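This report refers to the structure that appears directly beneath it.
FYI, the numbering just counts along the sequence from 1. Predicted model only: the values in this text are computed from it and were never measured.
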Amino acid sequence: MNTDLENYAHYKDLLSRNTLFIDVPAEAVQKLLGYSSLQYWPRKTCIPDPSHTLYTFYILLSGKIKGFVFDDIRGRTITLFLLSTHDVFDIFTLVHGRIHNIRYETLSHTTVLSIPLHKLKQWIFAHPSVNTALLKYTTEKMCALENYISELVIDDTSARFARFLLNHMDPVSRGVPVLNDLNYDELGALIGTTRTIIGRHLFQWREEGILTHTKFETVIKAPDLLRRKFPSKELNS
């Protein structure tokens with residue numbers, strides 16, 4: 001990255017606050033930035049070829065990206081996770097050197113750091129403490145995916161959607177900003193249902209006074225009432 005860029009100090013600070021690099025010396029973070037290049041991806045940018053991550057590693061600085069699997073034969077899609085600021089991809093390819101059959105698409109305007117994979121491997125070899133942080137990050141993502149799969153199989157749509165809203169609710173404003181980046185089709189793919197069912201639940205909960213919902217904002221007015229829509233358990237996902 002060009003150190004003369006106006007926002008260089010901002011990106012350096014952002015990277016230093018990422019839990020993956022928080023224990024890495026400042027000069028090492030600066031060296032990693034030297035290997036990196038900034039990329040700006042508009043909404044709906046898709047990375048359909050998983051082999052792309054064989055050569056490049058990405059760190060999200062801002063925006064939101066969904067990771068999904070697409071069945072070319074049946075034409076069906078399932079969204080597995082959302083990535084946001086400080087998330088990275090793809091650790092599987094970084095560790096195993098093999099293609100990870102996950103596709104990525106931006107849900108909002110997104111800024112990423114792009115790092116040549118061979119350069120990143122050299123840098124990690126020189127700073128092995130990063131491996132511990134990568135392991136912790138990976139296990140946390142695995143736990144979130146386990147929760148998601150169990151909810152997909154065990155819970156009904158209403159319970160999954162209610163839990164999703166509460167997990168992504170801002171504790172201060174009670175808004176759900178992630179919904180600003182998702183249309184009903186995308187939200188349905190993430191919850192495991194259709195846009196019609198998503199719209200039906202939002203309408204019903206609005207009528208019950210649980211939330212307010214417009215095109216630009218969703219606010220949970222009664223979190224306790226929404227929590228009754230699913231079995232009690234710790235919110236991990």
Side-chain angles (χ1 to χ4, degrees), residues 41-46 60-71 74-87 102-111 140-237:
W41 296 344
R43 188 175 186 273
K44 292 292 185 181
T45 297
C46 190
L60 269 73
L61 300 178
S62 66
K64 192 168 271 76
I65 294 176
K66 70 174 181 179
F68 66 100
V69 175
F70 178 71
D71 188 320
R74 298 176 180 85
R76 298 183 63 183
T77 297
I78 180 171
T79 299
L80 295 177
F81 50 79
L82 299 179
L83 302 177
S84 55
T85 302
H86 295 318
D87 279 322
I102 296 289
R103 305 182 187 192
Y104 298 94
E105 182 181 346
T106 59
L107 299 176
S108 61
H109 293 290
T110 300
T111 304
E140 288 174 348
K141 292 298 183 183
M142 287 178 61
C143 181
L145 190 57
E146 287 171 358
N147 286 342
Y148 171 69
I149 296 300
S150 65
E151 291 163 8
L152 195 63
V153 174
I154 297 171
D155 291 345
D156 59 26
T157 304
S158 177
R160 292 198 303 272
F161 191 23
R163 183 177 283 113
F164 175 86
L165 292 176
L166 283 174
N167 284 346
H168 291 85
M169 180 185 73
D170 183 280
V172 177
S173 68
R174 293 188 178 179
V176 189
V178 68
L179 295 189
N180 298 338
D181 302 320
L182 297 168
N183 60 39
Y184 284 8
D185 286 319
E186 293 164 338
L187 189 55
L190 185 61
I191 303 301
T193 187
T194 65
R195 61 175 292 121
T196 302
I197 299 300
I198 291 295
R200 185 181 302 164
H201 285 314
L202 288 172
F203 177 79
Q204 177 185 341
W205 295 340
R206 185 171 55 196
E207 291 294 298
E208 294 176 13
I210 293 175
L211 53 78
T212 59
H213 173 69
T214 68
K215 181 178 180 180
F216 304 103
E217 184 181 50
T218 299
V219 177
I220 310 300
K221 309 296 288 186
D224 289 341
L225 292 179
L226 188 60
R227 194 170 284 108
R228 295 177 188 174
K229 300 295 182 180
F230 57 85
S232 176
K233 80 173 201 176
E234 185 179 355
L235 300 178
N236 291 324
S237 53

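- A donor-acceptor pair under 3.5 Å is absent between the side-chain atoms of Y104 and the main chain of T45, judged by distance alone.
- A donor-acceptor pair under 3.5 Å links the side-chain atoms of S173 to the main chain of G175, judged by distance alone.
- Checking K221, R227, R228 one by one against L225, the side-chain contact (heavy atoms from CB on, under 4.5 Å) holds for a single residue, R228.
- Under the 3.5 Å distance criterion, the side-chain polar atoms of T110 are matched with a main-chain donor or acceptor of S108.
- Look at R200 and E207 and you find no salt bridge, because none of the NZ, NE, NH1 or NH2 atoms lies under 4.0 Å from a carboxylate O.
- Using a 4.0 Å cut-off between charged nitrogen and carboxylate oxygen, R160 and D155 do not count as a salt-bridge pair.
- In this view, H86 satisfies the ring pair (Phe, Tyr, Trp, His ring centres under 6.0 Å) rule with no residue, not counting sequence neighbours.
- The minimum heavy-atom distance linking C46 with F68 is given by the pair SG-CZ, 4.2 Å.
- In terms of the side chain to side chain donor-acceptor pair (under 3.5 Å) criterion, residue partners of T111 (sequence neighbours excluded) are, by chain and number, S62.
- Contacts of E146 classified as salt bridge (Lys or Arg N to Asp or Glu O under 4.0 Å), with partners at least two apart in sequence or in another chain: none.
- A cation-pi arrangement is not found for R103 relative to F70, the charged atom failing to lie both closer than 6.0 Å to the ring centre and inside a 45° cone about the ring normal.
- The backbone N or O of Y148 sits nowhere less than 3.5 Å from a side-chain atom of E151 that would complete a donor-acceptor pair.
- The backbone N or O of W41 lies less than 3.5 Å from no partner atom in the side chain of T106, so there is not a single donor-acceptor pair.
- When every heavy atom of F230 is checked against every heavy atom of A159, the shortest pair comes out as CB-CB, 3.5 Å.
- Across Y184 and G199, no two heavy atoms sit closer than the pair CE2-CA, 3.7 Å.
- Using cut-offs of 30° and 60° for the angle between ring planes, the F164 and H168 rings count as tilted.
- Nearest heavy atoms, H213 versus R206: O-NH1, 3.2 Å.
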